[in-house]
Amino acid sequence: MASIYHLTTLSLLLLLTTSMAALVQQQPLVLRYHNGALLKGNVTVNVIWYGRFTPSQRSVIVDFIQSLSSSSAPLPSASSWWKTTEKYKGGGRSNLVVGRQIMHEDYPLGKVLKNSQLIGLGSRPNLVDSINIVLTAQDVGVEGFCMRCGTHGSTGGRARFTYIWVGNSEMQCPGQCAWPFHQPMYGPQSPPLVAPNGDVGVDGMIINLATLLAGTVTNPYQDGYFQGPANAPLEAVSACTGVFGTGAYPGYPGRVLVDKVTGASYNCHGINGRKFLLPAMWDPQLSACSTLV
């Protein structure tokens, strides 16, 4: 199971070391391919909503998922960011198609979930080569939440499928899981950016969901692309933690675009006029983290 950690000491040290090394000589970043299958072709994405999300919050997240495989948005777009996954071995497109949406607004398992319960929620529907995304509302606690902002994993057997969990951190640890839209809990301090969809928790979820979706399609079964141990890997986006634009360094997300009307920060367009801030992704052709702006 792969987890994402934002602004942990390890991530900050990695980014700081990389930044300092870049002043001397740019070193290539290599994610080794472990000869496993990647998720290619049409991939069904089912969304399991646990807890109460407003219609607006659900709309932002569904629009983001659909934006990754849509060519209708102007550049730089979410789909141009997603196209980097086509450069991974085997080529071909990972076309995400939103499937079923399951609502658990009555908290059937309570408001504090264990890892085993997350996996249970993510096991239905059980469809081959699908991704089941479990999203927990801001008032739902999850085992290990804030030490991690989300996870992805897979189940074995004949009908293997992948799952993702991402939580809304707004009431619990936005400085850990919604940066740069909130002051960081640790490390260098800089003013937070304005969230492009007006919701710090959900815009933070978009960053974490983007990270885990990229990790899922390029390392779905722990034998795809990653660096380090398989149970705690650096993957397509988690290898580029904290980088959103050119010139990024610890505590500074880099140069991004700013909406002249709202003052919100973003680096790509999506469907329905949406704007998102997406993290850098490792480009295997460049052996480096690549940003949209």
Side-chain angles (χ1 to χ4, degrees), residues 1 3-9 11-12 47-65 101-122 132-152 163-213 238 241-242 244 251 253 262-266 274-279:
M1 179 184 294
S3 303
I4 47 176
Y5 301 79
H6 283 280
L7 297 176
T8 59
T9 302
S11 296
L12 285 172
V47 184
I48 298 95
W49 306 91
Y50 191 89
R52 295 190 178 94
F53 289 84
T54 67
S56 175
Q57 290 175 325
R58 293 197 299 270
S59 178
V60 170
I61 292 174
V62 171
D63 280 355
F64 166 66
I65 298 171
Q101 295 190 53
I102 300 171
M103 312 283 287
H104 293 297
E105 292 188 305
D106 56 348
Y107 307 90
L109 301 177
K111 289 190 174 184
V112 179
L113 302 181
K114 297 181 179 180
N115 290 329
S116 59
Q117 292 174 310
L118 287 178
I119 296 172
L121 288 167
N132 293 339
I133 301 175
V134 179
L135 302 174
T136 51
Q138 60 184 6
D139 58 345
V140 177
V142 173
E143 182 180 0
F145 196 15
C146 298
M147 296 268 311
R148 54 180 185 161
C149 306
T151 59
H152 81 85
Y163 61 86
I164 289 173
W165 160 69
V166 174
N168 186 330
S169 67
E170 186 169 11
M171 291 177 59
Q172 300 177 59
C173 49
Q176 191 81 350
C177 296
W179 185 84
F181 303 125
H182 192 279
Q183 287 288 127
M185 292 179 65
Y186 311 106
Q189 300 290 307
S190 59
L193 304 182
V194 177
N197 294 287
D199 189 317
V200 169
V202 169
D203 279 299
M205 291 179 78
I206 295 296
I207 293 172
N208 299 323
L209 181 55
T211 300
L212 291 164
L213 280 169
S238 59
T241 296
F244 296 88
T262 65
S265 294
Y266 68 100
R274 295 285 187 194
K275 295 176 180 177
F276 304 107
L277 184 69
L278 301 184

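Position 1 is the first residue of the sequence; numbering continues from there. Everything numeric here is computed off the predicted structure, so don't read it as measured data. Quick note: numbers below take in every heavy atom, side chains included, and nothing from hydrogens, waters or symmetry partners.
Under the 30°/60° scheme for interplanar angles, the aromatic rings of His104 and Tyr50 are found to be tilted.
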Begin from the C-alpha positions of Trp49 and Glu105 and carry the test side-chain hydrogen bond (donor to acceptor under 3.5 Å, both in side chains) through to its verdict. CA-CA 7 Å; Trp49 306 91; Glu105 292 188 305; over 6 Å; no

Show your working on side-chain contact (heavy atoms from CB on, under 4.5 Å) between Leu212 and Ile133 and close with a plain yes or no. CA-CA 10 Å; Leu212 291 164; Ile133 301 175; over 6 Å; no

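Applying the salt bridge (Lys or Arg N to Asp or Glu O under 4.0 Å) test to residues at least two apart or on different chains, the pairs with a partner in residues 109-119 are Lys111-Asp139.
With a 4.5 Å cut-off on side-chain heavy atoms, Arg52 and Tyr107 count as touching. Residues Thr54 and Asp199 have side chains not in contact (no heavy-atom distance under 4.5 Å, counting atoms from C-beta outward). Residues Val134 and Leu113 are not in side-chain contact: their nearest non-hydrogen atoms beyond the backbone lie 4.5 Å or more apart. Annotation: side chain of Asn197 is in contact with side chain of Phe276 (closest heavy-atom distance under 4.5 Å). Contact annotation: the side chain of Ile207 approaches that of Pro180 to within less than 4.5 Å [non-hydrogen atoms, C-beta and beyond]. At a threshold of 4.5 Å between non-hydrogen side-chain atoms, the residues Trp165 and Thr136 count as touching. Annotation: side chain of Leu277 is in contact with side chain of Phe181 (closest heavy-atom distance under 4.5 Å). Side-chain atoms of Phe64 and Leu213, non-hydrogen and from C-beta on, do get closer than 4.5 Å to each other.
When all heavy atoms are compared, the tightest approach of Pro196 to Lys275 is CB-O, 3.4 Å. Considering every non-hydrogen atom in both Cys173 and Met185, the closest pair reads CB-SD, 4.3 Å. The shortest heavy-atom contact between Val194 and Thr262 is CG1-O, 4.3 Å. In this structure, Val112 and Gln117 approach most closely via the heavy-atom pair O-OE1, 3.8 Å. Here the closest non-hydrogen pair linking Glu143 and Asn115 is OE1-N, 3.0 Å. The two residues Gln183 and Ser190 come nearest to each other via the heavy atoms OE1-O, 2.7 Å.
To the nearest 0.5 Å, atom CG of residue Asp203 and atom CD1 of residue Ile61 are 9.5 Å apart. Atom CG in Asn168 sits 11.5 Å away from atom SG in Cys149 (nearest 0.5 Å). Here the OG1-CG distance, from Thr151 to Asn208, works out to 11.0 Å after rounding to the nearest 0.5 Å. Note that the CD atom of Glu170 and the SG atom of Cys177 stand 12.5 Å from one another [nearest 0.5 Å]. Rounded to the nearest 0.5 angstrom, Ile48 CD1 and Leu135 CG are separated by 8.0 Å. Atoms CD and CE, from Gln176 and Met147 in turn, are 8.5 Å apart once rounded to the nearest 0.5 Å.
Checked against salt bridge (Lys or Arg N to Asp or Glu O under 4.0 Å), Asp63 has the following partners two or more places apart in sequence or in another chain: Arg274. Asn132 meets the side-chain hydrogen bond (donor to acceptor under 3.5 Å, both in side chains) test with Asn46; sequence neighbours excluded.
Across Met205, Gln138, Met103, a single residue satisfies side-chain contact (heavy atoms from CB on, under 4.5 Å) together with Phe53, and that is Met205.
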